[in-house]
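FYI, the numbering just counts along the sequence from 1.
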Amino acid sequence: MMAFCRWCGLFCAAVLAAAPLHAQDMRPAEKVVLQLKWKHQFQFAGYYAALKKGYYRDAGFVVDIREAQDGVDPVDSVLKGEAEFGIGASELALYRAQGRPVVVLAVILQHSPLTLIVRGGGLNSVHDLEGKRIMLLPQETELYAYLEREKLPRRRIVEVPHSFSTDDLVKGRVDALSGYSTDEPYVLKRLGVPYSLFSPRSGGIDFYGDTLFTSEALVRRDPQRVAAFREASLRGWQYAMDNPGEIADLIIERYGRRHSREHLLFEAEEMRRLMQPHLISVGHINPGRWRSIAEVYAEAGMLPAQYSLDGFIFDETLPRDLSRLYRGLAVAILAIALVTLFAWRQAVFNRRLRGEVTRRRDANERLQRQLAEIQGLQEQLQEQALRDSLTGLYNRRYFDDVLERELALARRQHYPVSLVMIDIDHFKQLNDSHGHQAGDAVLRELAKYLTDNSRAGDLICRWGGEEFVAVMPHTPLSGAIRRAEFWRSSFAAHPFSFGGPEFGNTLSAGVAVWPGDGDTPEDLLRAADRALYRAKSGGRNRVESAAQEGQPC
């Protein structure tokens, strides 16, 4: 009997050794550091909300949110183990491709707020900055790629160390500085200082903004805890964007009065425009966008042609380290061999337990696949809802949203926006003579031609029927008329043939410009439509502008 008890003791020790199966749920709260990339402000509101509302506590974390200090790079802090998590931006793709093992967890800003802020409102192009004094930061690789794409390399500007103060811009000590569209413009407006913004998006570089990341070592060690931190943070961001006033008050109360409440709410509203939470779920990551970002860096000579982003995006299905479990099971098997009756019952239990673990793992994998398929379907349906099925162009619904946002941005940044409305002449006659298939082919070919012969920042949409519309930011009336004339003459010279003799066709266009021809989207559309009507009634195959209204056709 005593021998039996001794072997039972050995068996219990074995079971205790195998106990970490559910240690994830029972271990004490884990202390982690989140390293910010800048000072406390609404830019990091989601993390403050997650801490205040207890989302981190519920996930098992005690979080120390550290604001940036001079000379502290969040990537260095995370890779050196000084912080478990950090906030970066699109330069994370550059670091990963260069061999620094960072892993992206969630994208907060779907579009980057990083921009060049120029004193005065007289500059028409980023090329006017040649030879000017500009304050930049080394990690602002997005701006360097933008200047490189615009054929304005660093050797043709005068780089000045960043002081992080708009006072240097206001007093003329520098001509331009890098900043966020969500932050510095508020200060300049309050001071009544005229300024211009040059965004990389105007050059076709649409990078991600603030992004939550960690190290590959932490992901391999404990992917489930990384996933828990990510989910708690995203809950915080959802709460912050739903309750900006409450979080602005929290920032002032707990993190200092560096910014006023009005400044914080200005920042919140600008961030909402860059996050687009009504279209894209907070934290959404598109692997294709990251590949495109890396391609821009390669184009600018910041990366070699051959680079790898493998492992860059977090995959929470990575397996846990089960070595402790296997060691415990080995001891349990030894105990089973010595304590026959008790071991037999325990073996049955272990088989059931392993079966349950396998079943749950398989169910979890199936659920992850289903969720991925649902998310992909949602994105596909969302894209289809905004696209014209015949031409592949964005439709009128998407156009209405974009035009309203573009005019709001133009008001703040003081640049013109031109609108061109295009209509194929005698389209019904074309359908009657050559058939609707020929008419559809002409519509598709015109859509492709307009897209191929537009700038990266322009938007071409199908308005309906044989009508198309083009939005041209940063384009005055004269530039829009030249572009419309080019489209008109090229289309008129293009022959078509659909199983019969070749035939030609023409188009008419009406041009209007904000703010001269209308202050609202509706006013601008009516002005362009009236100009198009005059082009049609004046003989077709011509371009008319709203500014010509009242003049003879």
Q.
Test of understanding: with side-chain hydrogen bond (donor to acceptor under 3.5 Å, both in side chains), list the residues that count as partners of S112, not counting sequence neighbours.
A. E142
Q. Within a strict 4.5 Å, meaning less than it, do heavy atoms of the T211 and I108 side chains meet?
A. no
Q: Kindly state each residue pair satisfying ring pair (Phe, Tyr, Trp, His ring centres under 6.0 Å) with at least one member in residues 86-119, sequence neighbours excluded.
A: none
Q. Does the pair K132/D175 count as a salt bridge with the N-to-O cut at 4.0 Å?
A. no
Q: Compute both the distance and the angle, then confirm whether R225 meets the cation-pi test with F61: under 6.0 Å from the six-membered ring centre, within 45 degrees of the axis.
A: yes
Q.
Show me the pairs that pass ring pair (Phe, Tyr, Trp, His ring centres under 6.0 Å) and involve residues 157-185, at least two apart or across chains.
A. W38-F164, H162-F164
Q) Would the number of heavy atoms belonging to other residues, nucleotides or ligands and lying under 6.0 Å from CD of E356 be above 12? A) yes
Q | Minimum side-chain heavy-atom gap L116-L147 below 4.5 Å | A | yes
Q: With sequence neighbours left out, write down each residue that passes side-chain hydrogen bond (donor to acceptor under 3.5 Å, both in side chains) with S308, or none if nothing qualifies.
A: D310
Q. Between M271 and F42, is any pair of side-chain heavy atoms under 4.5 Å apart?
A. yes
Q: With rounding to the nearest 0.5 Å, note down the distance linking CG in L51 to OG in S233.
A: 10.0 Å
Q: Please say whether more than 12 non-hydrogen atoms of neighbouring residues, nucleotides or ligands are located less than 6.0 Å from CD in E159.
A: yes
Q) Considering only heavy atoms from C-beta outward, does the side chain of L303 approach that of Q98 to under 4.5 Å? A) yes
(Q) For F229 together with Y56, are the ring centres under 6.0 Å from each other? (A) yes
Q | Identified ring pair (Phe, Tyr, Trp, His ring centres under 6.0 Å) counterpart of W290 within the set F312, Y297, F314 | A | F312
Q: Could you pull out the closest heavy-atom pair between S165 and M135, with the gap in Å?
A: O-CE, 4.0 Å
Q) Within the side chain of E216, is there an N or O that forms a donor-acceptor pair under 3.5 Å with the backbone of V102? A) no
(Q) Contact between L212 and L34 at the side-chain level, heavy atoms closer than 4.5 Å - yes or no? (A) yes
(Q) Distance alone, cut at 3.5 Å: any donor-acceptor contact between the side chains of Q139 and D73? (A) no
Q.
Side chains of V75 and E91, heavy atoms from C-beta outward: is any pair under 4.5 Å?
A. no
Q. Looking just at side-chain N and O atoms, do R455 and T475 make a donor-acceptor pair shorter than 3.5 Å?
A. yes
Q) Does the side chain of F399 come within less than 4.5 Å of P521's, by heavy atoms? A) no
Q: Would you please indicate yes or no on a ring centroid separation below 6.0 angstrom for F207 and Y146?
A: no
Q. Can you pull the salt bridge (charged side-chain N to carboxylate O under 4.0 Å, His left out) pairs that have at least one residue in residues 43-61, sequence neighbours excluded?
A. K53-E246
Q | Any donor-acceptor pair under 3.5 Å from T214 side chain to E84 backbone | A | yes
Q) Just checking, any donor-acceptor pair under 3.5 angstrom between side chains of Y195 and R119? A) no
Q.
Between D167 (side chain only) and V170 (backbone N and O only), is there a donor and an acceptor less than 3.5 Å apart?
A. no
Q. Which atoms form the tightest heavy-atom contact between P244 and M241, and what is the distance?
A. CD-O, 3.7 Å
Q. Atom CD of E82 and atom CD of Q35: how far apart are they, to the nearest 0.5 Å?
A. 8.5 Å
Q. Just by modelled atom types, is the A300 backbone N or O under 3.5 Å from a matching donor or acceptor in the Y144 side chain?
A. no
Q: Ignoring hydrogens and angles, tell me if any N or O in the side chain of R156 forms a donor-acceptor pair with the backbone of K151 under 3.5 Å.
A: yes
Q) So, D183 and Q41: side-chain donor and acceptor under 3.5 Å apart, yes or no? A) yes
Q. Between S215 and L218, is there a donor-acceptor pair closer than 3.5 Å when you use the side chain of the first and the backbone of the second?
A. yes
(Q) Angle between ring planes, F266 versus H263, binned at 30° and 60°: parallel, tilted or perpendicular? (A) perpendicular
Q. Can R261 and D249 be counted as an ion pair, charged N to O under 4.0 angstrom?
A. yes
Q: Using the test side-chain hydrogen bond (donor to acceptor under 3.5 Å, both in side chains), find all partners of D452 that sit at least two apart in sequence or belong to another chain.
A: K448
**Q.** Flag for R235-Y239: side-chain donor and acceptor within less than 3.5 Å
**A.** no
Q. Hey, does the side chain of S196 reach the backbone of G120 with a donor-acceptor pair shorter than 3.5 angstrom?
A. yes
